[in-house]
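Only one structure is covered here, and it is reproduced in the block below.
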Amino acid sequence: MAPAPPQKPTEPKGLLQTHELYKYILETNVYPREPEPLKELRALTASHPWAVMSTAPDAGQMIEILLKLVGVKKAIEVGVFTGYSLLLTALTIPDDGKIVAIDMDRQAYEMGRPVIQKAGVEHKIEFIETAALPALDKLLENPDNEGSFDFAFVDADKVNYINYHERMMKLVKVNGIVAYDNTLWFGSVAQPESLVLDEFKEGRVSTIEFNKSLAADPRIEVTIVPLGDGLTICRRIN
Ligand SMILES: C[S@@+](CC[C@H](N)C(=O)[O-])C[C@H]1O[C@@H](n2cnc3c(N)ncnc32)[C@H](O)[C@@H]1O
Ligand SMILES: O=c1cc(-c2ccc(O)c(O)c2)oc2c(O)c(O)ccc12
């Protein structure tokens, strides 16, 4: 029998066996509990041509639990887009909490910003519009930032995940969490290259290398959770 054709990566079924199963999870557990501002932001983002980039709401639920478990007050996010994961974080941390949010493109953030303002959580956000690597290095120039973050969420260019990880190991405190989105890259990490669409090939190679390096990293405990498009959760242990 010929191998199955590559799955169209934009199909909203996550990584599960069937679209129906993903829909079941979303409809029974995720959407009924999703805060109103996040629903609004998701609806607004649906008209954006890159809407598929938003963090999946099922992965968002896991992030919310982690934020609460850890008691996060100071967070950092790389890759904001229209702000789904950012708004989720801002809604979850305490009123005097802070989030440093980095994205080199402000336009998508501006689309979501009115929803963030209306939700009354913009005061927790410091948005920095630059490429992430120099921004993280700049933060590290100030020793006060070292080990100061309780939580980091990385959802940007996959080729740089390895570089972001090195910075996060310095910025996040021992026992802090670093979470990475899209670490199964639409399932392509386990597909032969010939089955992967051209535009996903580079991300596939980077993600495979990244996953391998995290598995061998003695500074962390790590788990790949197959929510959304793959969410890797690391706890810094030393
Ligand atoms: C997948 S989207 C982020 C989705 C977001 N977490 C959400 O929930 O909607 C990736 C974002 O990373 C940004 N990005 C990509 N490469 C970057 C880089 N080198 N530095 C800063 N931002 C980058 C893009 O502009 C884009 O907005
Ligand atoms: O569907 C996506 C596509 C891409 C993407 C594809 C080819 C590129 O050359 C590129 O720069 C980005 O990026 C995503 C992403 O980063 C996400 O977090 C979630 C979904 C996507």
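Just follow the structure's listing: the first ligand is 1, and inside any ligand the first atom is 1. FYI, the numbering just counts along the sequence from 1. Computation of the quantities below employed the complete heavy-atom set of this structure, encompassing side-chain atoms and omitting hydrogens, waters and symmetry-equivalent molecules.
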Need the ligand 1 atom indices (1-based, order shown) with element for anything under 4.0 Å from a heavy-atom of [X].
X	result
Ala132	18 (C), 20 (N), 21 (C)
Phe81	2 (S), 3 (C), 4 (C), 5 (C), 9 (O), 27 (O)
Thr55	6 (N), 7 (C), 8 (O), 9 (O)
Asp105	25 (O)

Tell me the contacting part of [X] for ligand 1: side chain, backbone, both, or neither, using a 4.0 Å heavy-atom threshold, strictly below.
X	result
Thr130	backbone
Trp50	neither
Val78	neither

Taking [atom] as the reference point, the nearest protein heavy atom with its distance:
atom	answer
atom 15 (C) of ligand 1	Asp157 N, 3.8 Å
atom 5 (C) of ligand 1	Val80 O, 3.2 Å
atom 4 (C) of ligand 1	Asp155 OD2, 3.2 Å
atom 14 (N) of ligand 1	Ala156 CB, 3.9 Å

Going by atom types alone, do [X] and [Y] pair a side-chain donor with an acceptor below 3.5 Å?
X	Y	result
Asp155	Ser85	no
Asn175	Arg236	no
Thr82	Thr45	yes

Basic-acidic side-chain contact under 4.0 Å: [X], [Y]:
X	Y	result
Arg113	Glu110	yes
Lys73	Asp150	no
Glu36	Lys39	no

Can you give the donor-acceptor pairs under 3.5 Å from side chains of residues 126-138 to other protein atoms, not counting sequence neighbours?
{"unit_1": "Asp137", "atom_1": "OD1", "unit_2": "Arg167", "atom_2": "NE", "d": "2.9"}
{"unit_1": "Asp137", "atom_1": "OD2", "unit_2": "Arg167", "atom_2": "NH2", "d": "3.3"}

- Any idea which heavy atoms bring Arg42 and Pro57 closest together, and the distance? CD-CG, 4.1 Å
- Query: Any idea which heavy atoms bring Ile63 and Thr55 closest together, and the distance?
  - Reply: CD1-CG2, 4.3 Å
- Message: Within the structure, is a non-hydrogen atom of Phe81 found at a distance of less than 4.0 Å from ligand 2?
- Response: no
- Message: Would Glu202 count as a contact residue for ligand 2, given that I'm defining contact as a non-hydrogen atom of the residue lying under 4.0 Å from a ligand atom?
- Response: no
- Under the salt bridge (charged side-chain N to carboxylate O under 4.0 Å, His left out) rule, what do Glu209 and Lys158 come out as? Steps first, then yes or no, please. CA-CA 10 Å; Glu209 280 308 307; Lys158 314 310 158 197; over 6 Å; no
- Message: So if I count the atoms of ligand 2 from 1 in the order they appear, which ones are less than 4.0 Å from some heavy atom of Val52?
- Response: 1 (O), 19 (C), 20 (C)
- Close-contact set for ligand 2 against Trp50 heavy atoms, below 4.0 Å: 3 (C), 4 (C), 5 (C)
- Task: May I ask you to check if ligand 1 and Ser85 share an N or O to N or O distance below 3.5 Å?
- Result: yes
- Message: Contact between Phe151 and Leu66 at the side-chain level, heavy atoms closer than 4.5 Å - yes or no?
- Response: yes
- May I ask which of Glu129, Met104, Arg106 has a heavy atom nearer to atom 23 (C) of ligand 1 than the others do? Met104
- Shortest reach to atom 26 (C) of ligand 1 by a heavy atom, considering only Val52, Asp103, Asp229, Thr89: Asp103
- Those residues at least two apart in sequence (or on a different chain) that pass ring pair (Phe, Tyr, Trp, His ring centres under 6.0 Å) with Tyr161 are Tyr180, Phe210
- Task: With heavy atoms under 4.0 Å as the rule, classify the contact between Asp155 and ligand 2 as side chain, backbone, both or neither.
- Result: side chain
- Query: Are any of the N/O atoms in Asn182 less than 3.5 Å from those in ligand 2?
  - Reply: yes
- Message: Run the side-chain contact (heavy atoms from CB on, under 4.5 Å) test on Leu91 and Glu64 for me, step by step, so that the C-alpha distance in whole Å, both residues' side-chain angles and the decisive distance to 0.1 Å come before the verdict.
- Response: CA-CA 9 Å; Leu91 288 168; Glu64 185 180 336; over 6 Å; no
- Message: Would Ala131 count as a contact residue for ligand 1, given that I'm defining contact as a non-hydrogen atom of the residue lying under 4.0 Å from a ligand atom?
- Response: yes
